[in-house]
Amino acid sequence: MKSSINILKGLREQKKLSYKDMAKKLGISKAYYWQIEHGNRRLYYDMAVRIAAIFKLKPDDIFYNQKEDN
């Protein structure tokens with residue numbers, strides 16, 4: 001099963017965005033974003049919506065619909 005952390009990191013790296021880039025787009029600190037991506041900070045739905053919008057996805061596509069890889 002892919003975790004949302006791996007999905008988020010993969011999307012960020014695919015777009016060639018740094019932690020700093022993501023934080024700037026979200027209007028938060030780099031440390032705050034790092035904590036979200038590493039699962040050290042609770043992810044609220046409104047932030048999930050903002051993150052997903054950067055990738056032109058729905059929050060469920062990143063954070064809530066983990067499927068097993070077979």
*Asks:* Mind checking whether D61 and F55 have side chains closer than 4.5 Å, heavy atoms only?
*Replies:*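 No, side chains not in contact.
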*Asks:* Suppose we screen for side-chain contact (heavy atoms from CB on, under 4.5 Å). Which residues come up paired with A52, at least two apart in sequence or across chains?
*Replies:*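 Residues passing side-chain contact (heavy atoms from CB on, under 4.5 Å) with A52: P59, I62.
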*Asks:* Could you list the donor-acceptor pairs under 3.5 angstrom formed by side chains in residues 7-17, with sequence neighbours left out?
*Replies:*
from: R12; atom 1: NE; to: E37; atom 2: OE1; distance (Å): 2.8
from: R12; atom 1: NE; to: E37; atom 2: OE2; distance (Å): 3.3
from: R12; atom 1: NH1; to: L17; atom 2: O; distance (Å): 3.0
from: R12; atom 1: NH2; to: E37; atom 2: OE2; distance (Å): 2.9

*Asks:* Heavy-atom distance under 4.5 Å between the side chains of I28 and M22, does that happen here?
*Replies:*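 A side-chain contact is absent here, since even the closest heavy-atom pair is not under 4.5 Å.
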*Asks:* Between M47 and F63, is a side-chain contact (heavy atoms from CB on, under 4.5 Å) present by the stated rule, with each step listed?
*Replies:* CA-CA 11 Å; M47 183 61 70; F63 303 105; over 6 Å; no
*Asks:* List the residues meeting side chain to side chain donor-acceptor pair (under 3.5 Å) with S18, not counting sequence neighbours, and say none if there are none.
*Replies:*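 Only D21 meet the side chain to side chain donor-acceptor pair (under 3.5 Å) criterion with S18.
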*Asks:* Is there any side chain to side chain donor-acceptor pair (under 3.5 Å) pair reaching into residues 39-49, and which pairs are they, with sequence neighbours excluded?
*Replies:*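 For residues 39-49, and leaving out neighbouring residues, the side chain to side chain donor-acceptor pair (under 3.5 Å) pairs sorted by first residue read Q35-R41.
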*Asks:* With K24, which residues qualify under side-chain contact (heavy atoms from CB on, under 4.5 Å), at least two apart?
*Replies:*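 K24 satisfies side-chain contact (heavy atoms from CB on, under 4.5 Å) with no other residue.
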*Asks:* State, yes or no, whether a side-chain contact exists between K25 and Y33 at a heavy-atom distance under 4.5 Å.
*Replies:*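 Side-chain contact under 4.5 Å: no.
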